[in-house]
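What follows is a short report on a single structure.
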Amino acid sequence: MNNFGIAIHGGAGTILKSLMTPEKEAAYQTALAQALDTGYELLEQGKTALEAVEAAIVVLEDCPLFNAGRGAVYNANGQHEMDASIMDGKTLDAGAIAAVRNLKNPIKLAIKVMEHSDHVLLIGEGAKEFADQFEISFESDAYFHDALRYEQWQEIKGTEKFQLDHSKSGKKNLGTVGAVALDQHGNLAAGTSTGGMTNKKFGRVGDSPIIGSGTYANNATCAISCTGSGEYLMRAVTAYDVSCRMAYKGLSLKDACNEAIMDRLTELGGDGGLVAIDHQGDIQMPYNSEGMYRASRNARERIIAIY
Ligand code: ASP
(Lines give C-alpha, C1' and ligand atoms only; values in the text may rest on other atoms or scores of the structure.)
Protein backbone atom coordinates (compact mmCIF):
# COMPACT_ATOMS: atom_id res chain seq x y z
CA MET A 1 0.00 0.00 0.00
CA ASN A 2 1.62 3.27 -1.04
CA ASN A 3 -1.11 5.66 0.05
CA PHE A 4 0.17 5.76 3.63
CA GLY A 5 0.46 9.17 5.24
CA ILE A 6 0.46 11.27 8.38
CA ALA A 7 -1.06 14.55 9.56
CA ILE A 8 -0.23 16.43 12.75
CA HIS A 9 -1.42 19.55 14.58
CA GLY A 10 0.08 21.84 17.17
CA GLY A 11 -3.15 23.51 18.28
CA ALA A 12 -5.81 25.84 16.89
CA GLY A 13 -6.86 29.29 18.01
CA THR A 14 -6.33 33.00 17.52
CA ILE A 15 -3.09 32.77 15.61
CA LEU A 16 -2.71 36.06 13.77
CA LYS A 17 -0.05 36.62 11.15
CA SER A 18 0.10 40.27 12.19
CA LEU A 19 1.26 39.24 15.69
CA MET A 20 3.79 36.67 14.52
CA THR A 21 7.47 37.45 13.97
CA PRO A 22 9.35 35.73 11.13
CA GLU A 23 11.62 34.05 13.71
CA LYS A 24 8.68 32.64 15.66
CA GLU A 25 6.98 31.46 12.50
CA ALA A 26 10.16 29.71 11.39
CA ALA A 27 10.53 28.04 14.79
CA TYR A 28 6.99 26.62 14.58
CA GLN A 29 7.52 25.43 11.02
CA THR A 30 10.78 23.72 11.94
CA ALA A 31 9.19 21.96 14.92
CA LEU A 32 6.18 20.82 12.87
CA ALA A 33 8.48 19.58 10.07
CA GLN A 34 10.59 17.62 12.52
CA ALA A 35 7.58 15.89 14.06
CA LEU A 36 5.99 15.23 10.67
CA ASP A 37 9.10 13.75 9.10
CA THR A 38 9.85 11.63 12.16
CA GLY A 39 6.45 9.99 11.84
CA TYR A 40 6.57 9.75 8.06
CA GLU A 41 9.97 8.07 7.99
CA LEU A 42 8.68 5.35 10.30
CA LEU A 43 5.73 4.75 7.98
CA GLU A 44 8.13 4.58 5.01
CA GLN A 45 10.06 1.87 6.85
CA GLY A 46 6.87 -0.15 7.22
CA LYS A 47 6.31 0.68 10.88
CA THR A 48 2.76 0.91 12.24
CA ALA A 49 0.47 3.92 12.32
CA LEU A 50 0.55 3.70 16.14
CA GLU A 51 4.35 3.95 16.14
CA ALA A 52 4.28 6.92 13.77
CA VAL A 53 1.65 8.74 15.84
CA GLU A 54 3.59 8.14 19.06
CA ALA A 55 6.90 9.30 17.55
CA ALA A 56 5.43 12.48 16.06
CA ILE A 57 3.65 13.38 19.31
CA VAL A 58 6.80 12.77 21.39
CA VAL A 59 8.69 15.32 19.25
CA LEU A 60 5.91 17.87 19.81
CA GLU A 61 5.70 17.10 23.56
CA ASP A 62 9.44 17.69 23.89
CA CYS A 63 9.19 21.08 22.17
CA PRO A 64 8.35 23.97 24.55
CA LEU A 65 6.48 25.82 21.79
CA PHE A 66 3.44 23.56 22.14
CA ASN A 67 0.98 23.09 25.01
CA ALA A 68 1.77 19.44 25.69
CA GLY A 69 4.49 17.73 27.70
CA ARG A 70 7.28 20.22 28.29
CA GLY A 71 5.20 23.21 27.12
CA ALA A 72 2.06 22.39 29.12
CA VAL A 73 0.19 25.47 30.40
CA TYR A 74 -0.25 26.45 34.07
CA ASN A 75 -3.44 25.50 35.87
CA ALA A 76 -5.04 27.65 38.62
CA ASN A 77 -2.65 26.21 41.22
CA GLY A 78 0.43 26.96 39.14
CA GLN A 79 0.85 23.32 38.16
CA HIS A 80 0.90 21.44 34.87
CA GLU A 81 -1.79 18.77 34.61
CA MET A 82 -1.63 16.83 31.38
CA ASP A 83 -4.10 14.77 29.36
CA ALA A 84 -3.41 12.39 26.45
CA SER A 85 -5.04 9.61 24.47
CA ILE A 86 -4.35 7.10 21.71
CA MET A 87 -6.59 4.86 19.61
CA ASP A 88 -5.83 1.93 17.33
CA GLY A 89 -8.14 1.87 14.30
CA LYS A 90 -7.58 -1.82 13.67
CA THR A 91 -8.72 -3.17 17.04
CA LEU A 92 -10.58 -0.11 18.41
CA ASP A 93 -8.35 -0.43 21.47
CA ALA A 94 -7.77 2.87 23.24
CA GLY A 95 -5.85 4.29 26.18
CA ALA A 96 -5.89 7.65 27.90
CA ILE A 97 -4.65 9.53 30.94
CA ALA A 98 -5.91 12.77 32.47
CA ALA A 99 -4.75 15.32 35.04
CA VAL A 100 -1.34 13.71 35.48
CA ARG A 101 1.57 15.88 36.63
CA ASN A 102 5.29 15.75 35.85
CA LEU A 103 5.02 13.25 32.99
CA LYS A 104 7.68 13.89 30.34
CA ASN A 105 5.70 12.24 27.54
CA PRO A 106 2.02 11.78 28.42
CA ILE A 107 1.33 9.94 25.14
CA LYS A 108 3.64 7.11 26.24
CA LEU A 109 1.59 6.49 29.37
CA ALA A 110 -1.66 6.57 27.36
CA ILE A 111 -0.18 3.82 25.17
CA LYS A 112 0.72 1.76 28.26
CA VAL A 113 -2.89 2.09 29.46
CA MET A 114 -4.07 0.79 26.08
CA GLU A 115 -1.59 -2.06 25.89
CA HIS A 116 -1.20 -3.17 29.50
CA SER A 117 -4.44 -2.48 31.37
CA ASP A 118 -8.08 -3.51 31.15
CA HIS A 119 -9.04 0.16 31.27
CA VAL A 120 -9.29 3.06 28.87
CA LEU A 121 -8.81 6.14 31.06
CA LEU A 122 -6.68 6.54 34.21
CA ILE A 123 -6.38 9.83 36.08
CA GLY A 124 -4.12 11.72 38.48
CA GLU A 125 -2.23 9.88 41.20
CA GLY A 126 -3.72 6.53 40.16
CA ALA A 127 -2.29 6.92 36.66
CA LYS A 128 1.10 7.71 38.22
CA GLU A 129 0.90 4.58 40.34
CA PHE A 130 0.13 2.58 37.18
CA ALA A 131 3.15 4.20 35.48
CA ASP A 132 5.48 2.81 38.18
CA GLN A 133 5.40 -0.59 36.47
CA PHE A 134 6.99 0.76 33.33
CA GLU A 135 9.95 2.83 32.26
CA ILE A 136 8.03 6.07 32.11
CA SER A 137 10.01 9.29 32.58
CA PHE A 138 8.96 11.97 35.03
CA GLU A 139 10.46 15.46 35.22
CA SER A 140 10.67 18.07 37.98
CA ASP A 141 8.31 21.07 37.95
CA ALA A 142 11.23 23.21 36.71
CA TYR A 143 11.32 21.26 33.42
CA PHE A 144 7.81 22.52 32.62
CA HIS A 145 8.50 26.17 33.50
CA ASP A 146 8.25 28.63 30.65
CA ALA A 147 8.33 32.40 31.10
CA LEU A 148 5.66 33.18 28.48
CA ARG A 149 3.24 30.58 29.77
CA TYR A 150 3.83 31.79 33.34
CA GLU A 151 3.01 35.32 32.25
CA GLN A 152 -0.18 34.09 30.54
CA TRP A 153 -1.26 32.49 33.78
CA GLN A 154 -0.42 35.62 35.82
CA GLU A 155 -2.75 37.64 33.57
CA ILE A 156 -5.80 35.62 34.64
CA LYS A 157 -4.67 34.07 37.93
CA GLY A 158 -7.23 34.48 40.72
CA THR A 159 -10.07 35.13 38.27
CA GLU A 160 -12.80 32.78 37.10
CA LYS A 161 -11.36 32.88 33.59
CA PHE A 162 -9.72 29.94 31.89
CA GLN A 163 -8.52 30.13 28.35
CA LEU A 164 -7.30 28.30 25.33
CA ASP A 165 -3.58 28.49 24.86
CA HIS A 166 -4.31 30.83 21.94
CA SER A 167 -6.16 33.77 23.48
CA LYS A 168 -7.83 36.68 21.79
CA SER A 169 -4.78 38.79 22.53
CA GLY A 170 -2.93 36.62 20.07
CA LYS A 171 -0.08 36.22 22.52
CA LYS A 172 -0.87 32.63 23.27
CA ASN A 173 1.01 30.97 20.49
CA LEU A 174 1.09 27.52 21.98
CA GLY A 175 -1.02 24.49 21.31
CA THR A 176 -2.34 21.06 22.08
CA VAL A 177 -0.73 18.49 19.80
CA GLY A 178 -2.04 15.52 17.86
CA ALA A 179 -1.31 13.11 15.06
CA VAL A 180 -3.16 10.70 12.79
CA ALA A 181 -1.65 8.15 10.42
CA LEU A 182 -2.39 5.42 7.89
CA ASP A 183 0.35 2.80 7.60
CA GLN A 184 1.41 0.49 4.76
CA HIS A 185 -0.61 -2.33 6.31
CA GLY A 186 -3.82 -0.31 5.94
CA ASN A 187 -4.18 0.47 9.64
CA LEU A 188 -5.19 3.82 11.11
CA ALA A 189 -4.25 5.40 14.45
CA ALA A 190 -4.87 8.70 16.22
CA GLY A 191 -3.38 10.38 19.29
CA THR A 192 -3.68 13.69 21.14
CA SER A 193 -1.75 15.30 24.02
CA THR A 194 -2.33 18.55 25.92
CA GLY A 195 -1.78 20.65 29.00
CA GLY A 196 -5.42 21.77 28.64
CA MET A 197 -6.38 25.37 29.36
CA THR A 198 -4.49 28.07 31.23
CA ASN A 199 -5.88 28.63 34.77
CA LYS A 200 -8.11 25.54 34.61
CA LYS A 201 -9.28 24.38 38.06
CA PHE A 202 -11.29 21.79 39.97
CA GLY A 203 -9.53 18.98 38.09
CA ARG A 204 -10.88 20.22 34.77
CA VAL A 205 -10.32 17.80 31.90
CA GLY A 206 -11.01 18.64 28.25
CA ASP A 207 -11.69 16.65 25.12
CA SER A 208 -8.13 15.47 24.42
CA PRO A 209 -8.19 12.30 26.58
CA ILE A 210 -11.84 11.54 25.83
CA ILE A 211 -12.14 8.84 23.18
CA GLY A 212 -14.67 10.01 20.60
CA SER A 213 -14.32 13.69 21.49
CA GLY A 214 -10.63 14.58 21.00
CA THR A 215 -9.40 11.33 19.49
CA TYR A 216 -10.92 8.54 17.43
CA ALA A 217 -9.70 5.92 14.96
CA ASN A 218 -11.51 3.15 13.09
CA ASN A 219 -10.06 1.34 10.07
CA ALA A 220 -13.54 1.33 8.54
CA THR A 221 -13.65 5.12 8.36
CA CYS A 222 -10.90 7.47 9.55
CA ALA A 223 -8.52 8.65 12.28
CA ILE A 224 -9.09 12.03 13.94
CA SER A 225 -7.28 14.28 16.44
CA CYS A 226 -9.00 17.50 17.55
CA THR A 227 -7.87 20.77 19.07
CA GLY A 228 -9.79 23.79 20.33
CA SER A 229 -12.31 24.59 23.04
CA GLY A 230 -12.61 21.25 24.79
CA GLU A 231 -15.99 21.86 26.42
CA TYR A 232 -17.54 22.25 22.95
CA LEU A 233 -15.58 19.43 21.33
CA MET A 234 -16.85 17.15 24.11
CA ARG A 235 -20.47 18.22 23.68
CA ALA A 236 -20.20 17.80 19.91
CA VAL A 237 -18.32 14.48 20.30
CA THR A 238 -16.39 15.79 17.32
CA ALA A 239 -13.90 13.03 16.52
CA TYR A 240 -16.58 10.32 16.57
CA ASP A 241 -18.97 12.65 14.75
CA VAL A 242 -16.66 12.68 11.70
CA SER A 243 -16.44 8.88 11.70
CA CYS A 244 -20.23 8.53 12.09
CA ARG A 245 -20.95 10.90 9.23
CA MET A 246 -18.79 8.70 7.01
CA ALA A 247 -20.24 5.43 8.30
CA TYR A 248 -23.92 6.35 8.48
CA LYS A 249 -24.28 9.01 5.79
CA GLY A 250 -21.68 7.65 3.37
CA LEU A 251 -19.91 11.01 3.27
CA SER A 252 -16.35 11.53 2.05
CA LEU A 253 -13.76 12.46 4.69
CA LYS A 254 -13.80 16.04 3.43
CA ASP A 255 -17.57 16.46 3.69
CA ALA A 256 -17.71 14.70 7.06
CA CYS A 257 -14.97 16.97 8.47
CA ASN A 258 -16.59 20.10 7.13
CA GLU A 259 -19.99 19.22 8.58
CA ALA A 260 -18.46 18.36 11.97
CA ILE A 261 -16.36 21.52 12.25
CA MET A 262 -17.94 24.20 10.06
CA ASP A 263 -21.56 23.27 10.85
CA ARG A 264 -21.95 21.39 14.12
CA LEU A 265 -19.04 22.72 16.22
CA THR A 266 -19.55 26.25 14.89
CA GLU A 267 -23.31 26.20 15.60
CA LEU A 268 -22.62 25.13 19.19
CA GLY A 269 -20.22 28.08 19.55
CA GLY A 270 -16.95 26.13 19.67
CA ASP A 271 -13.59 27.13 18.21
CA GLY A 272 -11.16 24.62 16.86
CA GLY A 273 -10.19 22.15 14.24
CA LEU A 274 -8.87 18.69 13.58
CA VAL A 275 -6.50 16.63 11.50
CA ALA A 276 -7.93 13.58 9.76
CA ILE A 277 -6.87 10.74 7.51
CA ASP A 278 -9.13 8.08 6.06
CA HIS A 279 -8.61 4.42 5.17
CA GLN A 280 -7.72 5.45 1.62
CA GLY A 281 -5.10 7.97 2.68
CA ASP A 282 -7.09 11.16 2.04
CA ILE A 283 -6.02 13.89 4.49
CA GLN A 284 -8.14 16.81 5.74
CA MET A 285 -7.21 19.56 8.22
CA PRO A 286 -10.26 21.87 8.69
CA TYR A 287 -10.56 24.55 11.41
CA ASN A 288 -12.95 27.41 12.18
CA SER A 289 -10.44 29.50 14.17
CA GLU A 290 -8.00 32.04 12.71
CA GLY A 291 -5.28 29.46 12.48
CA MET A 292 -4.14 25.97 13.31
CA TYR A 293 -0.56 24.74 13.40
CA ARG A 294 -0.70 21.78 11.06
CA ALA A 295 1.29 19.61 8.70
CA SER A 296 0.75 16.56 6.53
CA ARG A 297 2.76 14.29 4.32
CA ASN A 298 2.09 11.43 1.94
CA ALA A 299 3.63 10.23 -1.33
CA ARG A 300 2.08 13.17 -3.21
CA GLU A 301 2.70 16.19 -1.04
CA ARG A 302 4.17 17.67 2.13
CA ILE A 303 2.27 20.57 3.69
CA ILE A 304 3.29 22.76 6.66
CA ALA A 305 0.86 25.57 7.44
CA ILE A 306 -0.30 27.90 10.20
CA TYR A 307 -3.00 30.28 8.95
N1 ASP B 1 -8.76 20.88 23.44
C2 ASP B 1 -7.86 21.22 24.51
C3 ASP B 1 -8.62 21.24 25.81
O4 ASP B 1 -9.73 21.72 25.85
C5 ASP B 1 -7.21 22.55 24.32
C6 ASP B 1 -6.55 22.78 22.97
O7 ASP B 1 -6.86 22.10 21.99
O8 ASP B 1 -5.68 23.66 22.88
O9 ASP B 1 -8.09 20.82 26.81
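The first residue in the sequence is number 1, and the count goes up from there. Numbering of ligands and ligand atoms starts at 1, following listing order. Atoms considered below: every heavy atom in the structure, side chains included; atoms not considered: hydrogens, waters and symmetry mates.
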- Counting heavy atoms under 4.0 Å, the part of Ser208 that contacts ligand 1 is side chain

- Query: Can you find a pair of side-chain heavy atoms, one from Leu251 and one from Glu259, that are under 4.5 Å apart?
  - Reply: yes

- Task: Check which hydrophobic residues are tied to Leu265 through side-chain heavy-atom contacts below 4.5 Å, counting indirect links as well, and list them.
- Result: Ile224, Tyr232, Leu233, Val242, Met246, Leu253, Ile261, Met262, Leu268, Leu274

- Item | Sub-4.0 Å atoms of ligand 1 with respect to non-hydrogen atoms of Asp207 | 1 (N), 2 (C), 3 (C), 4 (O)

- Message: Can you check which of Ser289, Gly196, Gly228 brings a heavy atom nearest to atom 2 (C) of ligand 1?
- Response: Gly228

- Task: Could you name the option among Val73, Asp83, Thr176 that has the heavy atom nearest to atom 5 (C) of ligand 1?
- Result: Thr176

- Message: Between Thr176 and Ser208, do the side chains contain a donor N or O and an acceptor N or O under 3.5 Å apart?
- Response: no

- Taking N or O atoms only and a 3.5 Å limit, does Glu231 qualify as a polar contact for ligand 1? no

- Compare Met82, Arg204, His9, Lys200 and give the one whose heavy atom is closest to atom 9 (O) of ligand 1. Arg204

- Message: Less than 6.0 angstrom from the centroid, inside 45 degrees of the normal: does Arg70 satisfy that with respect to the ring of Tyr143?
- Response: yes

- Should Cys226 be counted as touching ligand 1, given the test is an N or O pair under 3.5 Å? no

- Does Tyr307 offer a backbone N or O that forms a donor-acceptor pair with the side chain of Tyr287 under 3.5 Å? yes

- Item | Those atoms of ligand 1 less than 4.0 Å from some heavy atom in Thr227 | 6 (C), 7 (O), 8 (O)

Which atom pairs, donor and acceptor, lie under 3.5 Å between side-chain atoms of residues 95-104 and protein residues at least two apart or in another chain?
unit_1 : atom_1 : unit_2 : atom_2 : d
Asn102 : ND2    : Glu139 : O      : 2.9
Asn102 : ND2    : Asp141 : OD1    : 2.8

